[in-house]
Amino acid sequence: MQRLSARPHYVGSPYNKDNAEWMLAKFREWGWDARIEQYDVLFPTPKERLLEMTAPTRFKATLEEPAVAVDPTSSQKSEQLPTYNAYSIDGDVTGPLVYVNYGRPEDYEELEAAGVSVRGAIVIARYGGSFRGTKPKIAAEHGAIGCLIYSDPMDDGYFVDAVFPEGPMRSKDGVQRGSAQDLPQYSGDPLTPGQPSIPGVKRLDLKDAATLTKIPTLPLSYGDAQPLLAGMRGRVAPAGWRGALPITYRLGPGATQVHLKVAFNWDIKPMYDVIAQIKGSTFPDEWIVRGNHHDAWVNGASDPISGMAPELEEARAIGQLVKQGWAPKRTLVYAAWDGEEPGLLGSTEWVEQHDAELREKAVVYINSDGNSRGFLQASGSHTLEHLVNEVARSVDDPETKGTVWKRWQARQISSTSGDRRNEARSRADLRIGALGSGSDYTPFLQHHGIASLNLSFGGFDEDGIYHSIYDDFYHFSKFADPGFLYGRALSQFSGSLAIRLADADLLPFEFTNLADTTQTYLRDVQALLRQRQDDVRERNRQISDGVLAAVNDPKEPRPIPASEDVPPAINFAPLENAVSALSRAADRYKTAAAKPVADAAEVRAVNARLIQAERQFIDEGGLPRRPWYRHLLYAPGFYTGYGVKTMPGVREGIEQKRYDEAEKEAARLAAAVSREATLINDAAAALEKSSTR
Ligand SMILES: [Zn+2]
């Protein structure tokens with residue numbers, strides 16, 4: 001970690017390449033067959049950044065993070081990237097300021113209810129609640145001309161704990177850099193959607209790149225945001241919108257005028273993925289892929305090196321095993337991705353280049369992207385839930401000396417209630433979460449249907465150095481995981497997963513958890529529709545019987561909305577039947593897989609089917625309005641980015657009031673679930689036949 005985070009190493013920087021070459025040499029030293037795969041990608045860096053308040057008072061934002069004396073790498077000024085949001089467009093705008101809370105769709109509904117419009121305004125949103133790239137996207141859809149995003153001390157500053165360097169949290173000048181790409185449309189190089197950024201591939205013109213922001217966008221520290229927010233007038237912000245600054249939070253607009261100017265160098269920069277492999281002895285054409293990114297916004301000890309270093313440690317240990325005579329049955333592919341920070345570039349371009357091979361050969365992708373101290377945090381394909389539970393029972397928790405599983409279960413029991421708590425006590429496997437987006441598993445899972453996992457430890461130490469110059473070795477070793485105990489635990493955990501997947505005769509996919517979870521997703525979307533119907537009925541009633549008018553404050557009236565049609569019923573029957581069929585097939589497979597099978601050729605044929613299991617949820621047409629995302633069971637929210645939407649076509653159809661579309665999507669998903677049930681039945685039948693022989 002100290003070596004890799006010694007200097008800033010963002011895409012195109014000298015130390016980024018240096019790191020890639022150093023890792024390449026390490027993989028080779030440990031006996032891996034390693035190479036660098038290069039892509040040339042659009043990577044803008046700031047040329048000009050200006051933010052000033054021109055009325056009612058004058059103020060110019062500093063847009064600087066100062067060095068801290070006790071933190072040796074914080075003074076590497078000449079190599080640090082300035083604070084900015086990558087893939088913001090150039091722009092020079094002046095307008096009144098409106099506060100939009102986290103800038104999510106529901107925040108704009110609240111503004112509308114309060115009679116506040118952002119048309120022609122510059123919005124100021126706080127970080128959190130959604131992926132930052134969706135904040136300017138939604139603001140632009142509502143007519144805003146610029147977008148500022150600041151870190152409120154309530155979310156990761158002094159409200160939480162002492163600020164850096166005394167404590168781990170964000171200080172008044174700390175800024176969260178980050179991509180403002182429209183990730184929910186597609187990940188990767190904005191100029192080559194669906195294609196690898198290699199020589200000969202046609203690039204879009206900058207003006208045609210769909211994932212750049214539509215309005216200029218700039219991130220701020222709370223030191224810079226406070227004078228702007230304090231200068232605002234207009235209605236007082238709702239209680240849930242208020243942060244921890246010592247001011248009255250207001251919605252605006254008012255007399256506050258802000259001038260925002262940003263301009264970027266729109267360069268194409270080289271990017272270096274390090275790809276290492278150990279060929280499988282028995283099934284060389286079945287790949288277990290493991291990855292973490294190596295690029296950072298600045299020094300990035302926590303993000304990404306606290307995940308990269310454990311992956312390297314796995315590679316070192318696996319190399320030792322090979323030298324002692326062990327060989328994995330399947331091929332292990334270990335990757336250090338470049339360009340994750342600007343937009344999952346390294347993983348996406350690689351996946352797009354090796355498209356055909358991955359469809360055929362990739363069994364599983366295991367991702368990490370940073371690590372801290374505490375509880376196992378595992379998300380991913382529910383077909384791998386059982387395996388994750390098994391491995392969690394075999395790795396020791398460094399602090400409690402019990403197993404990782406025991407501590408994970410304790411966390412589930414203590415942090416839930418009702419059915420979820422009973423389940424944490426009694427269900428054989430603890431549930432893993434579903435994956436949306438936000439790291440390099442996205443192209444594998446969402447674009448290709450490769451069963452994926454995302455792993456880390458965490459839960460104890462909150463920090464406020466994310467994407468700032470203070471995310472460095474000093475901070476990590478003092479606050480995040482002193483002693484690096486959980487770095488070792490992550491290596492043990494994901495290394496064990498990789499080895500078990502590589503060596504299992506019958507691939508350890510399990511489908512009853514998938515069936516059970518799919519059932520809960522279906523119940524969730526059905527409940528969502530009922531909730532929407534009830535909400536609209538109730539609001540219409542409050543409009544017609546005068547309740548809304550009677551609670552209005554004549555001094556500061558809110559507009560009375562027009563009544564709305566109640567959402568129609570949706571036919572879920574085909575999906576309900578498909579999910580039932582999936583349950584039956586999963587039970588049958590579980591029984592069949594429990595019996596010993598002697599015939600290696602039969603097992604091989606079953607494995608070939610199992611590898612295609614996750615692919616059954618892929619529909620080549622993709623999701624509505626974003627064809628690059630093709631997985632019908634999970635996707636990042638179109639308007640939230642990070643947050644996962646399960647049954648996304650159906651759910652977002654309901655949320656966005658496109659009920660006909662929601663019903664069509666339910667039918668399309670039913671077809672995918674039926675394909676999956678058929679595949680599992682076929683696999684079960686093959687196992688049954690060979691075990692009775
Ligand atoms: Zn990261």
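When every heavy atom of Q176 is checked against every heavy atom of P219, the shortest pair comes out as O-CB, 3.4 Å. Of all heavy-atom pairs between N85 and T217, the closest is OD1-CG2, 3.4 Å. When all heavy atoms of D152 and G243 are compared, the pair lying nearest together is OD1-CA, 3.3 Å. Residue S5 comes nearest to G300 through the heavy atom pair CB-C, 4.5 Å, listed as atom of the first residue, atom of the second, then distance. In plain terms, the two heavy atoms of A86 and W297 that are nearest each other are CB-CH2, 3.7 Å. A pairwise comparison of heavy atoms in Q38 and P270 identifies NE2-CB, 3.5 Å as the closest pair.
In this structure, the side chain of T256 engages the main chain of G231 through a donor-acceptor pair within 3.5 Å. Between the side chain of N265 and the backbone N or O of P44 there is no donor-acceptor pair closer than 3.5 Å. Of the possible donor and acceptor atoms, one in the side chain of S74 sits under 3.5 Å from a partner among the backbone N and O of V68. Remark: side-chain polar atoms of R250 are paired, donor with acceptor, to backbone N or O of G234 under 3.5 angstrom. Looking only at distances, a side-chain donor or acceptor of D107 sits under 3.5 Å from a matching main-chain atom of R104. Judged by distance alone, the side chain of D205 and the main-chain N or O of K207 form no donor-acceptor pair under 3.5 Å. Under the 3.5 Å distance criterion, the side-chain polar atoms of R373 are left unmatched by any main-chain donor or acceptor of Y486. Remark: side-chain polar atoms of Y441 are paired, donor with acceptor, to backbone N or O of S437 under 3.5 angstrom. Not one N or O on the side chain of E556 forms a donor-acceptor pair closer than 3.5 Å with the backbone of A114. At distances below 3.5 Å, at least one donor-acceptor pair connects side-chain atoms of R132 with backbone N or O atoms of S179.
To the nearest 0.5 Å, the span separating CZ on F476 from CG on N371 amounts to 6.5 Å. A distance of 8.5 Å separates CG of D161 from CD of E462, quoted to the nearest 0.5 Å. Here the straight-line distance linking atom CG of L445 with atom CG of L435 works out to 6.0 Å at 0.5 Å rounding. Put simply, CG on L51 and CZ on F59 are 7.5 Å apart, with the number rounded to the nearest 0.5 Å. Once rounded to the nearest 0.5 Å, the distance linking OG1 of T213 with CG of D182 reads 9.5 Å. To the nearest 0.5 Å, the span separating CG on L376 from CZ on F457 amounts to 5.0 Å.
A heavy-atom distance below 4.5 Å is found between the side chains of Y466 and R170. Contact annotation: the side chain of T73 never approaches that of Y474 to less than 4.5 Å [non-hydrogen atoms, C-beta and beyond]. Proximity of D156 to D463: side-chain heavy atoms (C-beta onward) are nowhere separated by under 4.5 Å. In this structure the side chain of E340 reaches within 4.5 angstrom of the side chain of D295, judged on heavy atoms. Side-chain contact check for P8 versus Y15: every heavy-atom pair is 4.5 Å or farther apart. Residues D90 and F264 meet the side-chain proximity criterion, which asks for heavy atoms closer than 4.5 Å. Looking at heavy atoms from C-beta onward, V100 lies out of side-chain contact with I138 at the 4.5 angstrom threshold. A heavy-atom distance below 4.5 Å is not found between the side chains of D481 and S372.
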Margin query: Determine whether L191 and L206 satisfy the following criterion, side chain to side chain contact (heavy atoms under 4.5 Å, CB included), listing intermediate values before the conclusion.
Written below: CA-CA 7 Å; L191 303 184; L206 206 52; 4.3 Å; yes

Next item on the list: Please test R625 against E652 for salt bridge (Lys or Arg N to Asp or Glu O under 4.0 Å), starting from the C-alpha separation and ending with a verdict.
Entry: CA-CA 11 Å; R625 284 166 297 283; E652 294 196 323; over 6 Å; no

Next item on the list: Begin from the C-alpha positions of E349 and S197 and carry the test side-chain hydrogen bond (donor to acceptor under 3.5 Å, both in side chains) through to its verdict.
Entry: CA-CA 6 Å; E349 300 311 315; S197 297; 3.2 Å; yes

Check: Going through the checks in order, is the salt bridge (Lys or Arg N to Asp or Glu O under 4.0 Å) test met by E110 and R558?
Finding: CA-CA 11 Å; E110 176 65 35; R558 291 160 72 99; 3.5 Å; yes

Note to self: Pair Y222, Y158 - check ring pair (Phe, Tyr, Trp, His ring centres under 6.0 Å), show working.
What the structure shows: CA-CA 11 Å; Y222 58 81; Y158 54 70; 5.6 Å; yes

Note to self: Under the criterion side-chain hydrogen bond (donor to acceptor under 3.5 Å, both in side chains), I'd like the reasoning laid out for N454 against S379: C-alpha separation, chi angles, the key distance, then a yes or no.
What the structure shows: CA-CA 5 Å; N454 190 45; S379 305; 5.8 Å; no

Next item on the list: Give the intermediate values and the outcome of side-chain hydrogen bond (donor to acceptor under 3.5 Å, both in side chains) for residues Y39 and E352.
Entry: CA-CA 11 Å; Y39 302 94; E352 288 172 345; over 6 Å; no

Next item on the list: Could you please spell out the steps behind the side chain to side chain contact (heavy atoms under 4.5 Å, CB included) verdict for V123 and Y108?
Entry: CA-CA 11 Å; V123 302; Y108 286 88; 4.1 Å; yes

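Donor-acceptor pairing under 3.5 Å is recorded for the side chains of S439 and N367. Remark: the H467 side chain and the E341 side chain contain an N/O donor-acceptor pair separated by less than 3.5 Å. Inspection of the Q76 and N299 side chains reveals an N or O donor paired with an N or O acceptor under 3.5 Å. T348 and D189 share no donor-acceptor pair across their side chains, judged by distance under 3.5 Å alone. A donor-acceptor pair shorter than 3.5 Å can be found between the side chains of T83 and R49. If you check the side chains of H294 and D273, you find no donor sitting under 3.5 Å from an acceptor.
Under the 30°/60° scheme for interplanar angles, the aromatic rings of H475 and F164 are found to be tilted. Between W241 and Y99, the ring planes lie perpendicular to each other; the angle is over 60°, past the 30° to 60° tilted range.
Here the rule is ring-ring contact (aromatic ring centres under 6.0 Å, His included) with H631, and of Y629, Y634, W628 only Y634 fits it. A side chain to side chain donor-acceptor pair (under 3.5 Å) with E52 is found for one member of Q257, H259, K60 and no other, namely H259. The side chain to side chain donor-acceptor pair (under 3.5 Å) test with Y639 is passed by exactly one of K135, E141, E655, Q656: E141. Put simply, the residue from Y249, Y102, Y150 that forms a side chain to side chain donor-acceptor pair (under 3.5 Å) with R126 is Y102.
Within a 6.0 Å sphere centred on CZ of F460, other residues, nucleotides and ligands contribute more than 12 heavy atoms. Counting heavy atoms of neighbouring residues, nucleotides and ligands inside a 6.0 Å radius, atom NZ of K214 exceeds 12 of them.
Taking the ring axis of F638 as reference, the NZ or CZ atom of K137 stays within 45° of it and closer than 6.0 Å to the ring centre.
A salt bridge between K17 and D338 is absent, with no side-chain N of the basic residue lying under 4.0 Å from a carboxylate O of the acidic one.
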